[in-house]
Student: 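Sharing a structure here in structure tokens format.
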Amino acid sequence: MTSIQSTTTAPSDISAGEASSRSGFSSRMGFVMAAAGSAVGLGNIWGFPTQAAQNGGAAFLLVYLIMVVVLAYPMLVAELTIGRLAKKNPIAALSSLSEKPLWRKSGILAGIAGITTLSLILSFYAIIAGWLIAFMIEPLARMAGMPEVADWLINFSTARNMTMMAVFILLTTYIVKNGVSNGIEAWSKKLMPMLFILLIALAGYIVTLPGAEVGLKMYLVPDFSRILEPSLLVSAMGQAFFSLSIGTCAIMAYGSYLSEKENLPKTAGIVATLDTSVAVLAGLLILPAMTVAQANGVAIYGNDGTLLSSDTLVFTVLPALFNNMGSIGSIVAVAFFALMTIAALTSSISMLEAPVNTACEYLDQPRPKMALVTGSIIALISAIIILNFGELFGFVITLTTVYAQPILAMAFGLLLTWVLHRDRLLKELKKGHPELEQGLFWKIWPWYVKFICPVMMLMVFI
Ligand code: PHE
């Protein structure tokens, strides 16, 4: 465990946050919980299992694991390194990698694109998370004898979507307003263990129910014929990037609060392992739950024989299953949607942190005020999406997660390895890991991020 880290921005550097003293994570455990909290989200518990089910089960799992190791992990180290190196908000950090005006401008541009992407991701994420909160309280409202409220909560309406989105953004803003160690770290340390316990308990329960074995087979028996399908490769890459929160500045902002005593490659490895374990574990919950629902007479395949879309699965199939389970069903439903809400919240705080930190440092304003202003702007964007749901919802998701995230991740990696002087990079990575140069990591990683990652990403895209 390391002690509290407090650094002051060097006055000669970029104009942002001249006088602001930055507090940081108080311990490695705190950082790991917060970064794993950012990574573990709806992408793991919802996206990964349903994508696996649609793309050849364990074949997808295998490709996904390869993508995490060969592409996402190296990029995760890159983003963390940029953050810790600069100890500034992402825009200032990306622009401080070189003294040359062209590179500084490119850094600013990449930072602005990253913060914009992140804000847009939060604006659609908050809508989905709002539904999750609604589905979590619905069984409670029904038990309390308020059927109209319960119905309102689970029926799609603009009023419901707006209200619940606002509730979720308020929760997120409240945590971020309290700062890094008292807000983000404290809450991540409370919520992440709860998430693990709920996930294990629910998966343990669901796999004992009749019909679960079909789902387990679907998940664990690979259909290798699909392994080279281009759509599988692109989905697995996108999923890996989304799941590790890469290409958005979220992890970069967290990295800027990480102590210099920490070993960056190792810390990133712990975060990636935790994230991947939760995704794999969530598959043991979601897929069996779907086939248990099927055994209960709930349809999980559409007319064309393919699996229903992931939102239908979560918001229609699973609630139908919980309804069929009798009195224990309500408890399972509350636990399931609580699990999803917690996962969403620990991710959303990392999404809000980067823009809030950027606003605080550039405008030299106090955090609570900037948290409120930024939270309101994002709520406004969410509201615009809700009011134009058919046109905007899917569009924003595709734009940010399919295109912006991989492209930005590549840009960050290139800025770090081509623009930053190699000695500075080495010096930064050696902090917390003095014997770095002798190890395999330093021999491979810089070249890898410089040449191989961009080529691989382009190949997958093409
Ligand atoms: N990694 C989160 C998830 O799996 C989503 C996320 C994306 C969080 C981008 C932060 C930044 O749901």
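All figures in this text were calculated on a predicted structure; none of them were measured in a lab. Every number for a ligand or one of its atoms is a count from 1 in the order of the listing.
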Student: Which ligand 1 atoms are under 4.0 Å away from a heavy-atom of S243?
Tutor: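 Listed by number with element, the hits are 1 (N), 4 (O).
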
Student: When you compare the side chain of L195 with that of V40, does any pair of heavy atoms fall below 4.5 Å?
Tutor: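 Yes, side chains in contact.
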
Student: So which atom in E185 and which in G30 form the shortest heavy-atom distance, rounded to 0.1 Å?
Tutor: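 Answer, listing the atom of E185 first, then G30: OE2-CA, 3.3 Å.
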
Student: I need the nearest protein heavy-atom contact for atom 8 (C) of ligand 1: residue, atom name and distance, please.
Tutor: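 The closest one turns out to be S245 OG, 3.3 Å.
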
Student: So which heavy atom in the protein is nearest atom 12 (O) of ligand 1, and how far is it from that ligand atom?
Tutor: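 Ranking protein heavy atoms by distance from atom 12 (O) of ligand 1, first comes Y125 OH, 2.6 Å.
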
Student: What residue and atom, counting heavy atoms only, is the protein's closest point to atom 4 (O) of ligand 1, and at what distance?
Tutor: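 Nearest neighbour among protein heavy atoms for atom 4 (O) of ligand 1, to 0.1 Å: A39 O, 2.9 Å.
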
Student: For residues F31 and Y257, establish whether the separation of their ring centroids is below 6.0 Å.
Tutor: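 They do not qualify: ring centres at least 6.0 Å apart.
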
Student: Could you list the atoms of ligand 1 found under 4.0 angstrom from a heavy atom of S350?
Tutor: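 Near S350, the atoms of ligand 1 are 10 (C).
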
Student: If we only count N/O pairs under 3.5 Å, is S38 in contact with ligand 1?
Tutor: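 By distance alone, the answer is yes.
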
Student: Pull out every atom of ligand 1 sitting under 4.0 Å from any heavy atom of S347, numbered as shown with elements.
Tutor: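 Going through ligand 1 atom by atom, the ones under 4.0 Å from S347 are 2 (C).
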
Student: Compute the ring centroids of F389 and F156, then answer whether they are less than 6.0 Å apart.
Tutor: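 Between F389 and F156, the centre distance is under 6.0 Å.
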
Student: Can you check whether M351 has an N/O within less than 3.5 Å of an N/O in ligand 1?
Tutor: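 Between M351 and ligand 1 (N or O atoms, distance only) the closest approach is not under 3.5 Å.
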
Student: Hey, is L118 touching ligand 1 through its side chain, its backbone, both or neither, going by heavy atoms under 4.0 Å?
Tutor: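 Side chain only.
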
Student: Salt bridge (charged side-chain N to carboxylate O under 4.0 Å, His left out) between E260 and K87: does it pass, once the steps are laid out?
Tutor: CA-CA 10 Å; E260 300 202 324; K87 294 181 192 55; 2.6 Å; yes

Student: Closer than 3.5 angstrom, by distance alone: can the side chain of S243 be matched with the main-chain N or O of A240 as a donor-acceptor pair?
Tutor: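 Not a single qualifying donor-acceptor pair exists.
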
Student: Judging by distance only, is a nitrogen or oxygen of L244 under 3.5 angstrom from one on ligand 1?
Tutor: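 There is no such contact.
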
Student: Only heavy atoms of N44, strictly under 4.0 Å: list the atoms of ligand 1 that pass.
Tutor: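 Near N44, the atoms of ligand 1 are 4 (O).
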
Student: For I45, is the nearest heavy atom under 4.0 Å from an atom of ligand 1?
Tutor: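 The answer is no, since I45 has no heavy atom less than 4.0 Å from ligand 1.
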
Student: Kindly say whether G57 contributes a backbone atom to a donor-acceptor pair with the side chain of R226 at under 3.5 angstrom?
Tutor: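 No, the answer is negative, given that no donor and acceptor are paired below the 3.5 Å cut-off.
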
Student: How about F168 and W131: are their ring centres within less than 6.0 Å of each other?
Tutor: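 No: the rings miss the under 6.0 Å criterion.
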
Student: In terms of residue, atom name and distance, what is the protein heavy atom nearest to atom 7 (C) of ligand 1?
Tutor: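 Sorting protein heavy atoms by distance from atom 7 (C) of ligand 1 puts F242 O, 3.6 Å first.
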
Student: Are the aromatic ring centres of F451 and W418 under 6.0 angstrom apart?
Tutor: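 For F451 and W418, the ring centres are under 6.0 Å apart.
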
Student: N/O of L42 under 3.5 Å from N/O of ligand 1, yes or no?
Tutor: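 There is such a contact, yes.
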
